[in-house]
K.L.:
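Before anything else, here's the structure in question.
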There are 2 protein chains.
Amino acid sequence: MTASSSRQKIITAARRTFYERGYEDTSFADLAEVSGVPKGNFYYHFKSKAELLATVLRARVESVEGALQSWSTSIPMPQERLRRFVRMLTSEKEDLVRFGCPMGSLLMELGKKRQPELHEQARTLLDIYVGWAAGQFTELGQKPKASRILAERLLSRCQGVVLIAHAYGDTQLLNREVRDIEQWLAGFVC
Amino acid sequence: MTASSSRQKIITAARRTFYERGYEDTSFADLAEVSGVPKGNFYYHFKSKAELLATVLRARVESVEGALQSWSTSIPMPQERLRRFVRMLTSEKEDLVRFGCPMGSLLMELGKKRQPELHEQARTLLDIYVGWAAGQFTELGQKPKASRILAERLLSRCQGVVLIAHAYGDTQLLNREVRDIEQWLAGFVC
DNA sequence: GTCTATATTATGATAGAC
DNA sequence: GTCTATCATAATATAGAC
C-alpha cells in the first residue's frame, strides 16, 4: 500500500466522520477503525489532529471550487446555476437531515474553538460559496454591493433551512423550504 | 453558602460556558473556575455531566417560556409580538455574533451525539419557539397548517442569519438581515 | 453540604522495531 | 512507510474526611 493511499484513506475517513460526529468527538481510534489504517501511522502523515482537520478543510475547499467551476462552464444561465446550487439541498437530503450541513457544522464547532485559524479556514469555504453566488447575481444584472447581500442572504437561508430540517429530522420540511427559496430566487430572473 | 446557592452557581456557569465553548469542550474544571465551586461538589448536585446539561436545557426552556408568555400579555398585537421576537436578534447581537445562537449551537452539537435524548431536549426549545410563532400567525388569520409552515420558516431564517453573521463576525450583516426578515413579516400584517 | 485526594479511562502523541 | 507498544495528560467520576 503506497503512502498516498494510506494518507488518502485517512483523509476520506476523517472527512466523513468529522461530519457525522463532529471534529472533537472523533478520535484517532475511531478513524483507525473506519479507515483501516492503524492509528500509530497517523503521525507519519499528519503532525497533529489539527493538521488533519486543516487537510480535510482544504479537501472540502477543492471539492467545492471544482463543483462551482464545472457549473460555470456546463450551465450557461446564471439563474440555472443558482437553482442547481439550491437543488444540492434536496439531492443530498438524507445526509443533511441526519447530520446537518457539513460546512455549517464545522463553522459552528470551530467558531467555539480557542484556535481562530481553524475557524478562518472553515470560513474560507463559506466565502467561496458567497463569492460564487454573488458573481451569479451580478451576471443577473445586480450591482456588486447588492449581489453580495443577496449571496449572503441565499447562504443564510440555506443554512437555516438545513439546521431546522436537521433538528426535526424532517425531509419534507427541507423539500418544501427549498421550493420557497427557489421561488424567492425566481424573483431576480426577469 | 446554601445548597441551592452552589447548585445555582453551577447552573449559571454551565449555561454560559456551554454556550461560549460548547458542551463537550467545557470541563468540570472550567466550570469550577467560572463558578467558584470546587469540582468535587458537582457530583453532589448532579449525578453526571449529562444531567447538568439536561438541567441547563430545562432552565433555558423555562426562560423562553417565561419570555414568550410575558410578551403574550404585555404586547396586544401578534404582529408586534413577532417583531419583538425578531428584535431579540439585534438586542443580543454582541453575543450572537461572537458565539452564535445558544439554541442553534446546542441543536447542532447534540444532534451529533450518541445520546438521542439530549438532542430531543434541545429540540424542545425549538418546538416552544415554533409553536408560539405559529400561534401568532394563526391570530393573524393564517390557517393552522400555514401558520406552522410560516413559523418554521421564521425560525429557519433567524437561525440562518445568526449562523452567517457569526461566521463572518459581522454585526452589520445581522442588523441588515433582521430588517429583511421584518419586512417579510410585514407582508402578513395587512 | 463542602472540600481534597484519588481512581479510572480515553485521548493525542511518541518511540522504536521492522 | 508500516505497525505495536507505550507515554503523558486531561477528563469524568468516586471516596472519604470534615
Side-chain angles (χ1 to χ4, degrees), chain A residues 1-58 106 109-110 112-119 121, chain B residues 1-57 105-106 109-110 112-119 121:
Chain A
M1 188 170 303
T2 74
S4 65
S5 163
S6 271
R7 185 184 155 90
Q8 200 52 48
K9 279 184 183 176
I10 295 170
I11 295 174
T12 303
R15 182 168 173 167
R16 183 70 197 174
T17 316
F18 287 172
Y19 171 40
E20 291 186 6
R21 305 187 205 168
Y23 167 70
E24 198 68 31
D25 275 16
T26 300
S27 70
F28 276 4
D30 294 331
L31 293 179
E33 200 178 355
V34 173
S35 67
V37 178
K39 72 170 184 168
N41 293 29
F42 283 50
Y43 290 89
Y44 174 77
H45 297 288
F46 309 95
K47 78 167 199 291
S48 69
K49 193 184 173 190
E51 200 194 81
L52 172 57
L53 172 60
T55 307
V56 166
L57 286 170
R58 276 196 300 273
L106 284 168
E109 181 175 3
L110 302 180
K112 292 179 183 298
K113 283 260 167 299
R114 264 74 97 186
Q115 303 141 311
E117 68 272 17
L118 290 178
H119 188 213
Q121 264 189 300
Chain B
M1 191 170 303
T2 74
S4 66
S5 163
S6 270
R7 185 184 155 91
Q8 200 51 50
K9 280 184 183 176
I10 295 171
I11 294 173
T12 303
R15 181 169 173 166
R16 183 69 197 174
T17 316
F18 286 171
Y19 171 41
E20 291 186 6
R21 305 187 206 170
Y23 168 70
E24 199 67 30
D25 276 15
T26 300
S27 69
F28 277 2
D30 294 330
L31 293 180
E33 200 178 354
V34 173
S35 67
V37 178
K39 71 172 181 168
N41 295 28
F42 284 49
Y43 289 89
Y44 174 79
H45 297 287
F46 308 95
K47 77 169 201 292
S48 69
K49 193 184 173 189
E51 202 194 78
L52 172 58
L53 172 60
T55 307
V56 166
L57 285 170
S105 309
L106 285 168
E109 181 175 4
L110 302 180
K112 292 180 184 298
K113 282 263 168 299
R114 264 75 97 186
Q115 303 142 312
E117 68 272 17
L118 290 177
H119 188 214
Q121 263 189 301

K.L.:
Compare the minimum distances between each of C/dT4, C/dG1, D/dT2 and the side chain of A/S6, then state the nucleotide with the smallest one.
P.N.:
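Comparing C/dT4, C/dG1, D/dT2 against the side chain of A/S6, the answer is D/dT2.
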K.L.:
Between B/E33 (CD) and D/dA10 (C1'), how many Å, whole number?
P.N.:
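It works out to 15 Å between those atoms.
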K.L.:
What's the CD-P distance between A/E51 and C/dT14, to the nearest Å?
P.N.:
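Going from CD in A/E51 over to P in C/dT14 covers 12 Å.
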K.L.:
Calculate the interatomic distance between A/F42 atom CZ and D/dT6 atom C1'; express it in whole Å.
P.N.:
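The distance from CZ of A/F42 to C1' of D/dT6 comes to 18 Å, rounded to the nearest Å.
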K.L.:
Check B/G22 against A/K112 and note the closest heavy-atom contact, atom names and distance.
P.N.:
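Heavy atoms only, the tightest pair is N-CD, 3.7 Å.
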K.L.:
When you compare the side chain of A/D25 with that of B/K113, does any pair of heavy atoms fall below 4.5 Å?
P.N.:
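Heavy-atom side-chain distance check passes, below 4.5 Å.
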K.L.:
Rounding to a whole Å, what distance do you find between A/K9:NZ and D/dG1:P?
P.N.:
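Rounding to the nearest Å, NZ of A/K9 and P of D/dG1 are 15 Å apart.
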K.L.:
Grab the CD1-P distance between A/I10 and D/dC3 for me, whole Å please.
P.N.:
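Those two atoms, CD1 and P, are 10 Å apart.
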K.L.:
Could you check how far OH of A/Y44 sits from P of C/dT14, rounded to whole Å?
P.N.:
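Atom-to-atom, A/Y44 to C/dT14, this comes out as 16 Å.
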K.L.:
Kindly give the heavy-atom pair with the smallest separation between B/I10 and B/F42, and that separation in Å.
P.N.:
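Smallest interatomic distance, heavy atoms only, reads CG2-CE2, 3.7 Å.
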K.L.:
Rounding to a whole Å, what distance do you find between A/L31:CG and D/dC3:P?
P.N.:
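After rounding, the reported distance stands at 16 Å.
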K.L.:
Could you tell me whether the side chain of A/Y44 reaches within less than 4.5 Å of the side chain of A/R7, counting heavy atoms only?
P.N.:
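Sidechains of A/Y44 and A/R7: no contact.
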K.L.:
Between A/R21 and A/D30, does at least one N-O distance fall below 4.0 Å, as a salt bridge requires?
P.N.:
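Yes, this pair counts.
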K.L.:
With respect to the side chain of A/N41, which nucleotide from D/dC3, C/dC3, C/dT2 is positioned closest?
P.N.:
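In terms of side-chain proximity for A/N41, the closest of D/dC3, C/dC3, C/dT2 is D/dC3.
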K.L.:
Do A/V56 and A/Y23 have side chains that approach each other closer than 4.5 Å (heavy atoms only, starting at C-beta)?
P.N.:
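Result no, sub-4.5 Å side-chain heavy-atom pair not found.
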K.L.:
Each nucleotide N or O in nucleotides 8-12 of chain C that has a protein N or O under 3.5 Å away: list the pair and distance.
P.N.:
from: C/dG12; atom 1: OP1; to: A/K49; atom 2: NZ; distance (Å): 2.8
from: C/dG12; atom 1: OP2; to: A/F28; atom 2: N; distance (Å): 3.0

